[in-house]
Amino acid sequence: DSQLSKLFSPFGQADSSISNRFGGSGLGLWISRNIIRLMGGDIRALSYPSKGSNFMFCIPVSAGDEEECLNEEDYSFDFGNIARFRGSIRKKTCLYVEDIGENQDVMKEILQREGIATSIANNGREGLKKATKTEYDLIITDLRMPVMGGK
């Protein structure tokens, strides 16, 4: 189906009105397909009009040696850096500009858990108004929103 094949093209969407309503750049499935193919696999989609779609992928894997997989000496990650970073962001302020309520809730929970006071704006115009009245340490914004985007 030509609509499904568009999904795996860069910036491809089966229906452009989806992007206008829900956002997204049309790169997610293209990136996913490339990563899966680099791993020797493939991805496909089945669409059920007015109901939704199913996406399936297969990659070849084999069982590894548990001891080898869990060998901490192979990792040079410094967990102290995370603690120092977390300490440096505590008591900071963030303005999160996003029109989707579920995304607002999730991001606010994540940021507040890290000690960052978070304000929410529902669109770019509201975000701009808040940013001119209050100084924030960080502003995170969605690009595609109704009223005014985050560009």
Side-chain angles (χ1 to χ4, degrees), residues 3-4 6-39 41 43-48 50-59 61 64 66 68-151:
Q3 295 289 75
L4 286 177
K6 285 182 190 176
L7 293 178
F8 295 101
S9 301
F11 306 105
Q13 304 214 343
D15 178 357
S16 61
S17 70
I18 302 275
S19 173
N20 295 334
R21 287 191 321 233
F22 302 108
S25 62
L27 287 172
L29 288 171
W30 177 74
I31 291 169
S32 297
R33 174 175 265 177
N34 282 294
I35 290 170
I36 290 165
R37 285 186 171 169
L38 283 170
M39 297 171 72
I43 184 172
R44 65 186 183 116
L46 297 173
S47 180
Y48 305 96
S50 301
K51 292 183 181 178
S53 300
N54 288 340
F55 297 88
M56 298 146 286
F57 71 92
C58 295
I59 54 172
V61 295
E66 186 175 345
E68 185 179 311
C69 292
L70 298 177
N71 185 353
E72 293 179 24
E73 294 173 15
D74 292 339
Y75 303 100
S76 60
F77 190 80
D78 179 4
F79 288 97
N81 285 337
I82 292 176
R84 285 188 292 281
F85 173 73
R86 282 186 166 153
S88 72
I89 63 173
R90 297 234 185 263
K91 298 188 175 124
K92 299 292 184 184
T93 57
C94 176
L95 173 62
Y96 183 51
V97 187
E98 167 65 61
D99 59 311
I100 299 172
E102 292 85 2
N103 293 350
Q104 293 173 350
D105 294 342
V106 169
M107 185 62 87
K108 189 169 185 173
E109 173 69 26
I110 291 168
L111 292 169
Q112 287 182 337
R113 193 178 308 146
E114 294 301 328
I116 300 171
T118 306
S119 270
I120 301 290
N122 295 302
N123 59 61
R125 185 174 294 144
E126 190 179 307
L128 190 58
K129 202 177 281 187
K130 285 186 174 196
T132 55
K133 290 181 180 176
T134 304
E135 187 173 326
Y136 294 95
D137 296 303
L138 172 67
I139 298 175
I140 302 172
T141 182
D142 187 5
L143 289 178
R144 294 185 183 170
M145 294 177 285
V147 183
M148 180 184 190
K151 251 185 170 173

> Looking at residues at least two apart in the chain, or sitting in another chain, which of them share a side-chain hydrogen bond (donor to acceptor under 3.5 Å, both in side chains) with Glu109?
Replying inline: Arg113
> Would you say Thr134's side chain and Ala131's backbone share a donor-acceptor pair under 3.5 angstrom?
Replying inline: no
>> Going by the rule side-chain hydrogen bond (donor to acceptor under 3.5 Å, both in side chains), which residues pair with Asp137 if we only count those two or more places apart in sequence or in a different chain?
In response: Thr93
> Quick one: CD1 on Ile43 to CG on Asn34, what's the gap to the nearest 0.5 Å?
Replying inline: 10.5 Å
>> Quick check for you: to the nearest 0.5 Å, what is the distance between Thr141 atom OG1 and Asn123 atom CG?
In response: 9.5 Å
>> For the CZ atom on Phe57, are there more than 12 heavy atoms of other groups (residues, nucleotides or ligands in this structure) within a distance under 6.0 Å?
In response: no
>> My understanding is that only one of Gln104, Met107, Lys92, Gln112 makes a side-chain contact (heavy atoms from CB on, under 4.5 Å) with Thr118; could you say which?
In response: Gln112
> So how far is it from Leu138 CG to Tyr96 OH, rounded to the nearest 0.5 Å?
Replying inline: 11.5 Å
> What distance do Cys94 atom SG and Ile116 atom CD1 have between them, rounded to the nearest 0.5 Å?
Replying inline: 6.5 Å
> What distance separates Glu126 CD from Leu95 CG, expressed to the nearest 0.5 Å?
Replying inline: 9.0 Å
> About how many Å separate NZ of Lys133 and CG of Leu128, when rounded to the nearest 0.5 Å?
Replying inline: 11.0 Å
> Would you say the side chain of Leu46 lies within less than 4.5 Å of the side chain of Met56, judging by non-hydrogen atoms?
Replying inline: yes
